[in-house]
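Read the structure below first, then the notes.
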Amino acid sequence: MLVYNGVMVPVHALILLLPLAFPAAYLLGQWLGYPNLWALLPLAVTELVLPVADRLLGLDHRNPDEATERRWRGSRHGGALPFVCAAAHLALLGYGGWVLLALTPFNAFGAVVWTLGLGHYSGFLAINTAHELIHRRSRLARNIGGLLLSTVCYGTFKVEHLRGHHVDVATPNDPSSARLGESIYRFLPRAIGGNLVKAWRLESRRLDALGSSGWHWRNELWWWTGLSLVWLSLFWLAAGLAGAAFFVGQSLAAIASLETVNYIEHYGLRRQRLADGRYERPGLGHSWNSAHRLTNAMLLNLGRHSDHHVHAGRPYPLLRDTPQAPQLPAGYATMMQLAMIPPLWRRVMHPRIP
């Protein structure tokens, strides 16, 4: 959030421009021909345009002062953007499915890249927005976060992230903390499988304390999984097997995008084990910080991840840049591509590990 002449300017609303890549891709394909090539446009925006723009726009080390924080907390609409992002995601999911399944402008290649692109954007709009909402105190906000996660079949994240990841980050007990030398290709199946297993264990432990079984209907995971099945059924009823494949495909792409970001945020960082066997408290040195201006504008300050792990309840506009934390050499859009080439990733990252 920036303040210009006393007016609060929501620069993070830039994320709402991203979904426009999909109607632009469809319309350009209809007007100019070659619709299957134009289906690549959304991926080109995130894989080519954003890394270059992130580099050109540089870093932003400014932190909100006390007056800005008071103004934001006193604003009636200061926390509204994640809810707008939630609506934008649902609209994009519906639009993307309608174009692909009802208008069918693509061949098999176009359908695949369209689905992968939409899943990639679901990682931004659904999971990243849900991440902000599930950390809020409001039950409504947390439930909308769960709703968003159900649209990508990853409701387990709501349980594991809050009660698992934030407790065990940067330890061997956290499936979302990448080990030193671990490639993204080894990390992804371990992180996704570990998220599912750990979420079940955490919910079972909670229900055991209440005198119930993990199989009880109050297990939160049943509700989010059931809601994902409702979404799947709707797409199946609307377009048969193709509709179901689209929904599952974009979900897998979104989950892979999320866990790739997790890989970047904690790679190679570890908390010290104390004499009593416990681990030291999570600190600024246990997450990678990114001060890249465009990354943080587009991702609700997700790059200020070190501060987030120290102050998990701090709303995204008030997160601080932390120069004393380990620093990523580029924004998330670039680092996600770098992670795909493990030798290059290790060459860039290992000298920076404290």
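The residues of the chain are indexed from 1 along the displayed sequence. Keep in mind that the numbers below use all heavy atoms, side chains included, and drop hydrogens, waters and symmetry copies.
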Please confirm whether the backbone N or O of Ala141 pairs with a side-chain atom of Arg136, one donor and one acceptor, at under 3.5 Å?
no
Establish, from distance only, whether the side-chain atoms of Arg55 and Thr334 form a donor-acceptor pair under 3.5 Å.
no
Determine whether the aromatic ring centres of residues Trp215 and Trp200 are separated by less than 6.0 angstrom.
yes
Can any side-chain N or O of Arg271 pair as donor or acceptor with the backbone N or O of Val169 at less than 3.5 Å?
yes
Does a donor on one side chain sit under 3.5 Å from an acceptor on the other, for Asp54 and Thr295?
yes
Please lay out, stage by stage, how Tyr26 and Leu103 fare under the test side chain to side chain contact (heavy atoms under 4.5 Å, CB included).
CA-CA 10 Å; Tyr26 171 70; Leu103 303 182; 3.3 Å; yes
Determine whether the side chains of Ser287 and His308 contain a donor N or O and an acceptor N or O closer than 3.5 Å.
no
Minimal heavy-atom distance between Arg163 and Leu202, with the atoms involved, is NH1-O, 3.5 Å
I'd like to know if Arg190 pairs up with Glu182 as an ion pair, taking the criterion as any Lys NZ or Arg NE/NH1/NH2 lying under 4.0 Å from an Asp or Glu carboxylate oxygen.
yes
On a heavy-atom basis, the closest approach of Arg320 and Asn63 is CA-OD1, 3.2 Å
May I ask whether Leu37 and Leu48 are part of the same hydrophobic cluster, defined by side-chain heavy atoms of I, L, V, M, F, W, Y residues being less than 4.5 angstrom apart, directly or through others?
no
Starting at SG of Cys85, measure out to CG of Leu16 and round the result to the nearest 0.5 Å.
4.5 Å
Are the charged groups of Glu203 and Arg218 less than 4.0 angstrom apart, N to O?
no
Heavy atoms only: give me the nearest Ala254-Gly123 pair and the separation to one decimal.
CB-N, 3.9 Å
Going by atom types alone, do Tyr121 and Gln250 pair a side-chain donor with an acceptor below 3.5 Å?
no
Check for me whether the distance between the ring centres of Phe22 and Tyr95 falls short of 6.0 Å.
no
Would Thr322 and Asp307 count as a side-chain hydrogen bond (donor to acceptor under 3.5 Å, both in side chains) if you check the C-alpha gap in whole Å, the side-chain angles of each, and the deciding distance to 0.1 Å?
CA-CA 7 Å; Thr322 51; Asp307 188 44; over 6 Å; no
Whether the His266 and His286 side chains hold a donor-acceptor pair (N or O, under 3.5 Å, no angle test) is what I'd like checked.
no
Can you see whether His120 engages Glu47 through a side-chain donor-acceptor pair at a distance of less than 3.5 angstrom?
yes
Donor-acceptor pair, side chain of Thr225 and main chain of Trp222, under 3.5 angstrom
no
